[in-house]
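Note on naming: letters A, B, ... go to the chains in the order of the sequence lines (proteins, then strands), and numbering restarts at 1 for each one.
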Number of protein chains: 2
Amino acid sequence: MLKNAVDQKASEDDLDEEGIVNRIYEAIIEQRLPPGTKLSEAALCEAFGVGRMRVRRSLLLLASRGVVDLQNNRGAYVAQPTMSQALEVFEARRTIEPNVARLAARRANKADVSDLAAHLDMEAEARRQGNRQLAIRLSGQFHVRLAKVARNEVMERMVKELVTRTSLIIGMYGSAGTKNCHDDEHGDILEALRNMNSEAAASLMEQHLRHIEQEVDLTSERKRQVNLVEILSGEAS
Amino acid sequence: MLKNAVDQKASEDDLDEEGIVNRIYEAIIEQRLPPGTKLSEAALCEAFGVGRMRVRRSLLLLASRGVVDLQNNRGAYVAQPTMSQALEVFEARRTIEPNVARLAARRANKADVSDLAAHLDMEAEARRQGNRQLAIRLSGQFHVRLAKVARNEVMERMVKELVTRTSLIIGMYGSAGTKNCHDDEHGDILEALRNMNSEAAASLMEQHLRHIEQEVDLTSERKRQVNLVEILSGEAS
DNA sequence: TTGACAGAGATTGTTAACAATCCTTTCATG
DNA sequence: CATGAAAGGATTGTTAACAATCTCTGTCAA
């Protein structure tokens, strides 16, 4: 089951740590690995066809980025962000990403704009076809691509981490049917880039992030933790 | 030599990965480990009194944060940020830290303010006594503490990484005599916190970061890389 | 029926030996 | 004397076995 959730393409090509980390990132962003999922070393070894060392190193990297929870003698679990951690992640995104959008608008050339436009097309197409997992991934990837256009690898890495953690948060607190990002808003941001209107890009991004956060906040108290309480609540009273 | 540079206090207490990482962080911030220094596994094992596994895991963490350069089959070296990486780090700091200061000003209570005041006293004292290494470390730590006051661990970790990388940059491009941070500016920021003037805190922080960056930029073309070219240039022409 | 306890099995953490690569020294040669 | 090749040592990368811990199951007693 884990193998199926993580290993989308072929598994014959052996990966390095970065490859493994990215595959798990993607699986988390697409919500194939829900929060709390146990990531046992053996399963990951089989899934990726690598030795235990590689797996352990990858898990350490994921843990250092707050995406995986590494418990002593108990193994690795997909992180279950608390409410306050979720707020911190959104606060960090509102801090960083509007400025990323501003810089992207200043630095985007025509190739960047058409790349992003193509990306939005793929996003719309995935949504049209009802391929929800792909749509979620592309939607998150838009934010990372924007950081790439801003020509700042330091912030790009930060955005990547924050986007992944946001997926975890949506997986825990957001309604499953909710769309991760309104595509129109992505389109609006791209339009600001096209017009080299950096201030518009920044404020559109801020609005966009607030919308994402609101959508999560509204549905918050629902899923909570995947523990005893909810499972037993059916026959408790 | 490495042992001496890294291992300031006693070394009998065995450390976990986080402890090792923090010790190396501090050594880099205090510029006892200049950019390009080789961090051999054996030396670190001896310095910290731990097994090779711990050391390798620590090096991986440091590498994932851009503080250490992990070369294939050649070992770990303290990172030597390029000019463009340096610009990226400063850009990220200007993006994040003014907002951190703003949030800190909103959320600081009296205990926070007096803690920070005590910290500034220590900073001033270290400078007065001419203890340059301690002064540098405390100066960097002020920024991290501010993030702690802002009550956001995600951004706190980011600031910590950026401060460390800034030390590397100053070690490479800045003049050795330069003071890392003007203490008055730290004091001004604290004053803004005391008055709960969040906008002032943000703009003071931005100014402060620009000053640090300017000081580095002015002296830029001097040290560069520590490689063949400079060593051989004495008898090249 | 419920709870506690013990043991087997499974999983993770650690260590040590082995393999592979790199660096330095030495030696031969143009 | 300079250049290049080869051997030796040193360092890193990998694997496999071992130790420690946890989890699950079955049994027994209350």
Separation of C:dG13 C1' from B:Arg54 CZ (nearest whole Å): 9 Å
Taking atom CD as the centre, does A:Glu153 end up with more than 12 heavy-atom neighbours from other residues, nucleotides or ligands that are less than 6.0 angstrom away? no
Closest nucleotide among C:dT12, D:dT14, D:dT12 to the B:Glu41 side chain: D:dT12
Does anything in residues 66-92 of chain B pair up under salt bridge (Lys or Arg N to Asp or Glu O under 4.0 Å), and if so which pairs, sequence neighbours excluded? A:Arg107-B:Glu91
To the nearest angstrom, the CG-C1' distance between B:Asp16 and C:dT14 comes to 15 Å
Which value, rounded to the nearest 0.5 Å, describes the distance between B:Arg137 atom CZ and B:Glu26 atom CD? 4.5 Å
Near B:Gln71 CD, under 6.0 Å, is it more than 12 heavy atoms from other residues, nucleotides or ligands? yes
Going by the side chain to side chain contact (heavy atoms under 4.5 Å, CB included) test, name the single residue among A:Thr166, A:Leu162, A:Leu209 that passes it with A:His143. A:Leu209
Using atom CZ of B:Arg52 as one end and atom C1' of C:dT14 as the other, report the distance to the nearest whole Å. 13 Å
Just the rounded figure in Å: distance from C1' of C:dT14 to CZ of B:Arg57. 11 Å
Could you state the interatomic distance from CD (B:Gln85) to CG (A:Asn152), rounded to the nearest 0.5 Å? 10.5 Å
Nucleotide D:dT11, atom C1' - distance to CZ of B:Arg56 in whole Å: 10 Å
Can you list the residues that meet the side chain to side chain contact (heavy atoms under 4.5 Å, CB included) rule with A:Asn72, with sequence neighbours excluded? none
What residues form a ring-ring contact (aromatic ring centres under 6.0 Å, His included) with B:Phe142, not counting sequence neighbours? B:His186
Note: contacts of residues 69-77 of chain A with DNA chain D (heavy atom, under 4.0 Å) are A:Asn73, A:Arg74
How does DNA chain D read in dot-bracket, base by base from 5' to 3', with Watson-Crick or G-U pairs under 3.5 Å and | used when the partner is on another strand? ||||||||||||||||||||||||||||||
Length of the line joining A:Met53:CE and C:dA16:C1', which is rounded to integer Å: 15 Å
Return the value, rounded to whole Å, for the distance between atom CG of B:Leu60 and atom P of D:dT14. 12 Å
In whole Å, I'd like the distance from the CD atom of B:Glu17 to the C1' atom of C:dT12. 14 Å
Show me the donor-acceptor pairs, under 3.5 Å and distance only, between side chains in residues 57-65 of chain B and residues at least two apart or in other chains.
residue : atom : partner : partner atom : Å
B:Arg57 : NE   : B:Glu17 : OE2          : 3.1
B:Ser58 : OG   : B:Arg54 : O            : 2.8
B:Ser64 : OG   : B:Leu61 : O            : 2.9

